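Let me begin by presenting the structure, written as structure tokens, before commenting on it.
Quick caveat, the model's predicted, so the values are computed rather than measured.
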Amino acid sequence: MRVEKKMLNDALRVLGKVVCQTSPVELYRSVRFIGNENGIRAMVTDGVETVSVAVDAFTESEIDFCVPFKELKDLVRMGRSETIELNGTFIEFPKLEEPSDDAVSAILPVNFGDLLAQAAPIVDRSNYRRVLQGINLSNAGVTVTDGKQLLHLPCVLSLAKDITIPFPSALLAAKTSEMGVLQVWNTFFQIEIGNFKWHGKLLEGQYPNWRGVIPSAESHDYSITLHEVEKVLAWLKMIPNQKTTNGIELNVMSDGSVTLVSCIQPNFELNTQATVTGVQSRAVLTLDREIILRMLLQGYTTFKAHSDGLVPVIASGGAGQYIAMPIRTINKNPIQPKQEEKKMEIENNVVEQTAPVVNPLDELGAAVEEFKLKIKAMFEESTALSRKVKEVALIQKQKERDFIQARRAIERIRMAI
């Protein structure tokens with residue numbers, strides 16, 4: 001089989017998201033090429049998911065062979081010719097579960113890949129709840145949540161019930177821009193868009209009731225629309241990233257502008273033009289830095305909130321609805337109503353994060369993550385120690401060689417004398 005190097009490289013970019021190069025099973029670290037002169041497909045599997053793409057290649061007969069993924073990457077990287085000739089060995093691939101007669105089919109819109117790309121950054125791929133590592137699909141569209149934020153992107157899908165697909169790494173790499181078909185049956189699904197085909201198992205478990213999280217329109221009494229988005233993004237990117245609470249206050253000023261203040265760096269602030277509508281807020285709207293940064297990057301510039309700060313914020317302006325819970329702020333030195341009329345600014349405020357109700361499963365998940373970090377640190381230390389041991393061994397061998405050479409030189413001098 002002969003294939004252009006560029007065509008093969010594009011296929012490997014997609015297939016590499018599924019293939020496991022370190023697997024002891026040869027099947028899982030190999031690429032299968034199957035077809036004939038009418039068409040050839042490249043296929044990989046990890047034992048659960050199977051991804052294949054059509055490859056524009058030339059063959060004179062029917063082929064079915066496998067080549068290690070690493071070997072293909074080396075051929076692309078080091079090959080001098082624009083075309084590569086491939087041959088390999090036969091490896092029997094597991095037979096895929098075929099769609100049943102009662103399989104549900106749904107037409108995927110042209111922008112389905114773009115919707116998944118917008119949703120992907122919110123997915124928590126390390127969450128101990130497997131169902132939250134995927135993306136929820138329903139007749140209302142695409143929905144993702146990590147338990148702290150939620151993004152719903154409307155999309156017409158003819159599905160009788162909600163399903164959750166695994167994280168679509170290969171589909172995102174394929175960057176599809178065509179209409180496709182989704183088939184669902186039993187516990188399996190299959191997505192086919194253009195020359196891309198993805199077969200796998202649905203994630204088990206009940207996805208959170210995201211419909212109940214979205215607040216009604218009557219629950220918000222004011223909104224903030226930011227106008228200088230690029231300016232705000234540049235300011236947010238200068239704030240250090242951290243895993244703990246990293247709040248950003250949106251303080252509404254008397255002239256209608258908004259001053260953004262970092263909770264971890266109170267002296268670091270930015271005044272920006274904005275449009276504020278509705279009632280005067282009794283609590284400062286505070287959102288996590290990562291959440292507000294992602295909102296603005298996806299075009300969500302209007303924040304609808306409640307003046308008491310107890311209702312989830314809905315960000316609009318993008319392709320759907322972006323919901324996030326604000327960080328609670330408490331004023332330890334409240335000002336009396338008469339003083340509040342005279343004074344426009346509140347001094348000596350202390351921002352506090354309200355203590356959430358701790359879920360035992362969340363505690364377990366946090367403990368597991370902490371244990372993973374400790375294990376990783378131990379491995380890094382052991383790697384550093386082994387490197388030092390090798391360096392010492394090399395130095396010792398060099399000293400032994402120097403000693404032997406010196407002894408031989410002394411012996412030659414003695415013989416000369």
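Ser307 is linked by a side-chain hydrogen bond (donor to acceptor under 3.5 Å, both in side chains) to Asp221, Arg282, counting only residues two or more places apart in sequence or in another chain.
Ring orientation note: the planes of Tyr322 and Tyr300 are nearly perpendicular, at an angle over 60° on the 30°/60° scale. In this structure, Trp198 and Phe189 have perpendicular ring planes: the angle between them is above 60°, well past the 30° mark.
Checking Thr143 against His152 by side-chain atom types alone, a donor-acceptor pair falls below 3.5 Å. The closest side-chain donor-acceptor pair between His227 and Thr275 falls under 3.5 angstrom. With 3.5 Å as the limit, one finds no donor-acceptor pair spanning the side chains of Thr259 and Asn251. Donor-acceptor pairing under 3.5 Å is lacking for the side chains of Thr164 and Asp162. Using a 3.5 Å distance cut-off with no hydrogens or angles, the side chains of Ser223 and Thr277 do pair a donor with an acceptor. Side chain to side chain, Thr286 and Glu249 fail the donor-acceptor criterion of an N or O pair below 3.5 Å.
Of the candidates Val3, Ile40, Asn38, Thr59 forms a side chain to side chain contact (heavy atoms under 4.5 Å, CB included) with just one, namely Ile40. Under the side chain to side chain donor-acceptor pair (under 3.5 Å) rule, Ser52 has a single partner from Glu192, Arg41, Lys197, which is Arg41.
No salt bridge links Asp146 with Arg125; every basic N to acidic carboxylate O contact stays at or beyond 4.0 Å. Salt bridge annotation for Arg32-Asp64: present, with a cationic side-chain nitrogen under 4.0 angstrom from a carboxylate oxygen.
The shortest heavy-atom contact between Val55 and Ala11 is CG2-CB, 4.3 Å. Summarising the geometry of Gly180 relative to Ile193, their closest heavy-atom pair is CA-CG1, 3.9 Å, with the distance given to 0.1 Å. Pairing each heavy atom of Gly113 with each of Thr176, the nearest pair is CA-OG1, 4.1 Å.
Rounded to the nearest 0.5 angstrom, Ile248 CD1 and Ile327 CD1 are separated by 8.5 Å. Here CH2 of Trp210 is found 4.5 Å from OG of Ser138. Values are rounded to the nearest 0.5 Å. In this structure, NZ on Lys231 lies 5.5 Å from OG1 on Thr272, to the nearest 0.5 angstrom.
Residue-environment remark: CZ (Arg13) exceeds the threshold of 12 foreign heavy atoms within 6.0 Å. Crowding of Met238 atom CE: a count of heavy atoms from other residues, nucleotides or ligands under 6.0 Å exceeding 12. Residue Glu290 qualifies as enclosed at atom CD: its count of foreign heavy atoms under 6.0 Å is above 12.
In this structure the side chain of Ile107 reaches within 4.5 angstrom of the side chain of Val181, judged on heavy atoms. When side chains are defined from C-beta on, Gln133 does not count as touching Pro166, because their heavy atoms never get closer than 4.5 Å.
Aromatic rings from Phe33 and Phe65 are positioned such that their centres are separated by under 6.0 Å.
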